[in-house]
Number of protein chains: 2
Amino acid sequence: MATETLTAERILAATEDVLRQYGPTKATVVDVARALGVSHGSVYRHFRTKAALREAVTKRWLDRTTDELLRIVEDTSARAEDRLRRWNIHLFEAKRAKAGADPQLFATYEVLLRENSATVDEHIADLVGQLTAILEAGLDGGEFTLGSVEPARGARAVFDATVRFHDPVYAAQWTLPGIEQDLDAVLDLLLCGLRVRG
Amino acid sequence: MATETLTAERILAATEDVLRQYGPTKATVVDVARALGVSHGSVYRHFRTKAALREAVTKRWLDRTTDELLRIVEDTSARAEDRLRRWNIHLFEAKRAKAGADPQLFATYEVLLRENSATVDEHIADLVGQLTAILEAGLDGGEFTLGSVEPARGARAVFDATVRFHDPVYAAQWTLPGIEQDLDAVLDLLLCGLRVRG
DNA sequence: CAGCTGACAGATATTGAAATCTGTCAGCTG
DNA sequence: CAGCTGACAGATTTCAATATCTGTCAGCTG
């Protein structure tokens, strides 16, 4: 019976539960307020709109994956090529796990995509930024070559070339047999293009 | 007032017109029959279901692009690298032109995608087949290398890596500034990986 | 008086009855 | 008698009435 003060964090946690149970089409702000034992007016005191609340929950949820990926970026003991491959495979597996284990929150994320939400743009910018860091490490270490192409542009190309393995529109294909080999094949081709050869 | 006999071809042409005018959500089989001056029962004599009719129209429409692309595949005077690049750019521009000039037929195509239609699978198989032919030409001519990877698998990887530039789900992004450069960047990376280097 | 409530207006979603459409087929017609 | 028609049943869509939800705000409460 939550007698503590109402904080943004408590609202986010409650909203995540409500979204998980009802999904983005059925969950209402009144449901969230009821779960917290407050009136829905109080929720609007912390989040200006329902869309803002939905975005904040999804951002938190997406950031969990971004944090995991950051560990791969920062593992400077490994070669850039290994990190680039592991990073892409981890991103694929994390997205697939989210789609499978948290279908309602995944559906919420798909709603944001349809709304051209800034949260999604930021998430993509974060990911491309991490890829850029790996590419730059590979270029500095003499492991990669990009010719006259900017690292950020190369990172975007790698991200674009792997959309089938991380863009939610393809979620239905992520459980098909052979999908891992398809990702491996694309990564082989990309790494071939990046690698410095004798 | 069409007094000639009713053929599948005449029905397809009329259906294309009706779809162009009303779009896939509003066009009905009765509309098609009316355009032909026959009863809708006669249309069902040539196409078992409305879905079959929709598929046949879309197949005809997609095949026009496949035919154009085939000319690039068969232009053996050009280097494989040039053909691969031109083929991908032509596919992108053809899809973008269809989305812009024929929005209603493009929407019909999107309906088939949602239905997991065999027509779409065949269209994709056709395209990957053409890519395979270009890759094989490049391998035979000593221009490309794929290591131990099968040409068909490599072709699929190239197709997967360029989905952002031909899959209708991304149609909204095709008019964004810089999209051509994004495609160029991905093609540069892929060709780098395919090319035999000194 | 900071934070919360709950009544309210306008926007959005639900519902169920009516209208339309799909696909069939017995019979008509040239 | 091959090919077409149009009435029909069941499926789907439309539409308008009703219910619910979002977002605001004046005033309550601890």
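Quick note on labels: first sequence line is chain A, next is B, and so on, each numbered from 1. Computed from a predicted model, the values in this text were never measured in an experiment.
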- Note on the structure: Ranking Val38(A) and Lys50(B) by the position along DNA chain C of their nearest nucleotide, the one closer to 5' is Val38(A)
- Is there side-chain contact between Thr162(A) and Leu190(A), with heavy atoms separated by less than 4.5 Å? yes
- Out of dT14(D), dT22(D), dG23(D), which has the shortest distance to the side chain of Lys26(B)? dT14(D)
- Task: Starting from C1' on dC4(D), measure out to CZ on Arg10(B) and report it in whole angstrom.
- Result: 13 Å
- Query: Out of dG23(C), dT22(D), dC4(D), which has the shortest distance to the side chain of Val30(A)?
  - Reply: dT22(D)
- Query: Would you say the side chain of His40(A) and the base of dG23(D) hold a donor-acceptor pair, judged only by whether the two atoms sit under 3.5 Å apart?
  - Reply: yes
- Strand partner of dC21(C), provided both Watson-Crick or wobble distances fall under 3.5 Å: dG10(D)
- Query: How are the rings of Tyr170(A) and Tyr170(B) set to each other: parallel, tilted or perpendicular (split at 30° and 60°)?
  - Reply: tilted
- Query: Between atom OH in Tyr44(B) and atom P in dC8(D), what is the gap in whole Å?
  - Reply: 18 Å
- Item | Gap between atoms CD1 and C1', on Ile11(B) and dC4(D) respectively (whole Å) | 12 Å
- Task: Check the distance between dT22(C)'s C1' and Phe47(B)'s CZ and give it to me in whole angstrom.
- Result: 16 Å
- Message: Partner lookup for dG30(C), please. Criteria are Watson-Crick or G-U wobble with both distances under 3.5 angstrom; report none if nothing qualifies.
- Response: dC1(D)
- Mark yes when over 12 heavy atoms from residues, nucleotides or ligands other than Arg64(A) sit less than 6.0 Å from its CZ; otherwise mark no. yes
- Of the listed dC4(D), dT22(D), dT5(D), the closest approach to the His46(B) side chain comes from dC4(D)
- Message: Side chain of Arg45(A), heavy atoms from C-beta onward: which of dT22(D), dG3(C), dT5(D) has the nearest atom to it?
- Response: dG3(C)
- Message: Could you report the tightest heavy-atom contact between Thr28(B) and Lys50(B), atom names first, then the distance?
- Response: CA-NZ, 4.3 Å
- Please check the phosphate of dT5(D) (OP1 and OP2 only) for any side-chain N or O of Ser39(B) closer than 4.0 Å. yes
- Query: Starting at the 5' end of DNA chain D, which residue's closest nucleotide do you reach first, Asp31(A) or Arg48(A)?
  - Reply: Asp31(A)
- Task: Using Watson-Crick or G-U wobble geometry with both distances below 3.5 Å, tell me the partner of dA19(D), or none.
- Result: dT12(C)
- Item | Ring-face cation of Lys95(A) near Trp174(A) (centre distance under 6.0 Å, axis angle within 45°) | no
- Message: Quick check on dT5(D): is either OP1 or OP2 less than 4.0 Å from any side-chain nitrogen or oxygen of Ser42(B)?
- Response: yes
